[in-house]
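Structure first, then comments.
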Amino acid sequence: MNLEMTFATHTFANPFMNASGVHCITVQEMHELANSDAGAMITKSCTIPERAGNPEPRYYDVALGSINSMGLPNLGFAYYLDYALQYEKENPTAAPLFFSIAGMSVAENLEMLEMIEKSDFRGITELNLSCPNVPGKPQLAYDFDATFETLKQAFAIFTKPLGVKLPPYFDFAHFDAMADILNQFPLTYVNAINSVGNGLYIDPQSDTVVIKPKDGFGGIGGEYIKPTALANVRAFYTRLKPEIQIIGTGGICNGQDAFEHLLCGASMLQIGTQLHKEGPEIFTRIIKELAEIMEVKGYQSISEFQGKLRTIS
Ligand code: RRO
């Protein structure tokens with residue numbers, strides 16, 4: 001059974017990786033991912049200065065998923081770039097690293113892109129346009145004109161592989177409009193989706209919210225969001241030019257979820273909520289489960305079914 005996935009500049013041993021934010025804030029966590037069976041890994045979205053993020057509790061696991069309002073806590077751009085450069089030096093043949101940035105302004109994003117461009121970093125950069133949890137900062141990718149302007153300025157200065165992390169969209173008009181924008185740029189990939197912004201979870205015993213920031217509002221992940229994630233993966237797979245690959249993120253808990261994301265057209269697969277619940281051993285389990293499903297269905301490689309979702313005629 002072959003789970004290899006050719007993505008951007010590399011053929012990864014398997015399509016699985018962490019979703020940015022989960023198990024990737026510290027170097028220690030990145031080491032644990034590197035030592036797991038994950039095919040790739042991504043750093044926590046960063047800003048130039050270190051950020052403490054929102055007050056705790058700010059992440060809560062529930063039966064069907066999670067709610068978070070972390071508020072972009074991170075150790076600062078230099079910490080992650082230093083880690084990435086050191087990792088590449090010590091592991092010259094390893095799979096490329098993914099490096100996530102989420103500046104608080106266009107200028108901050110451009111400054112980070114410029115520093116990555118000038119550095120020796122050989123990996124893949126992800127521009128997070130969809131952080132739902134910074135009070136007073138709307139998600140950039142819900143502002144279509146601002147997204148276009150940001151990408152225009154980004155590609156004027158950046159030549160290395162670059163992808164964007166998008167929030168979920170819920171209307172065909174929005175899929176069409178965003179795809180039209182994305183198709184105008186030499187993007188390496190689109191990552192769909194970030195958490196479903198500003199949900200509310202209530203503890204039935206205490207009648208209270210479960211996270212402190214924003215009076216309990218936060219991004220929803222896990223099983224709750226799989227249908228929305230699959231729809232976004234499919235919508236972009238069928239609208240984007242073929243050079244732009246898709247990373248599927250949202251509700252991947254087991255091999256069947258992974259299979260469905262691939263069927264919708266995803267290439268790499270990111271796991272957030274379930275990685276937070278289970279730890280990096282999840283990658284061993286989910287690789288086995290995906291391989292078993294492929295075996296039963298008679299597939300030897302992912303390319304035999306990737307994107308080949310059937311509709312009803
Ligand atoms: O740190 C966060 O609150 C956060 C980010 Br940057 C993001 O992109 N998605 C999310 O659910 N939380």
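One-based numbering, in listed order, for ligands and for the atoms of each.
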Tell me whether the rings of Phe7 and Tyr189 are parallel (<30°), tilted (30 to 60°) or perpendicular (>60°).
tilted

Atom pairs and distances, side-chain donor-acceptor, residues 221-231, under 3.5 Å, sequence neighbours left out:
from	atom 1	to	atom 2	distance (Å)
Lys226	NZ	Asp257	OD1	2.8
Lys226	NZ	Glu260	OE1	2.8

Checking Phe170 now: which residues fulfil ring pair (Phe, Tyr, Trp, His ring centres under 6.0 Å) with it, not counting sequence neighbours?
none

Taking all atoms of both residues into account, what is the closest heavy-atom pair of Met1 and Gln300, and its distance?
SD-O, 3.9 Å

Distance under 4.0 Å, heavy atoms only, partner ligand 1: which residues pass?
Lys44, Asn68, Met70, Gly71, Leu72, Pro73, Asn128, Cys131, Pro132, Asn133, Asn194, Ser195

Give the table of side-chain donor-acceptor pairs shorter than 3.5 Å for residues 110-123, with sequence neighbours excluded, one pair per line with atom names and distance.
from	atom 1	to	atom 2	distance (Å)
Glu117	OE1	Thr159	N	2.8
Glu117	OE1	Thr159	OG1	3.4
Glu117	OE2	Thr159	OG1	2.6
Ser119	OG	Ile116	O	2.8
Ser119	OG	Phe121	N	3.1
Arg122	NH2	Glu88	O	3.2

Using the rule given for side-chain hydrogen bond (donor to acceptor under 3.5 Å, both in side chains), can you reason through Ser100 versus Thr43, listing the C-alpha separation, both sets of side-chain angles and the distance that settles it, and then say yes or no?
CA-CA 6 Å; Ser100 176; Thr43 54; 5.8 Å; no

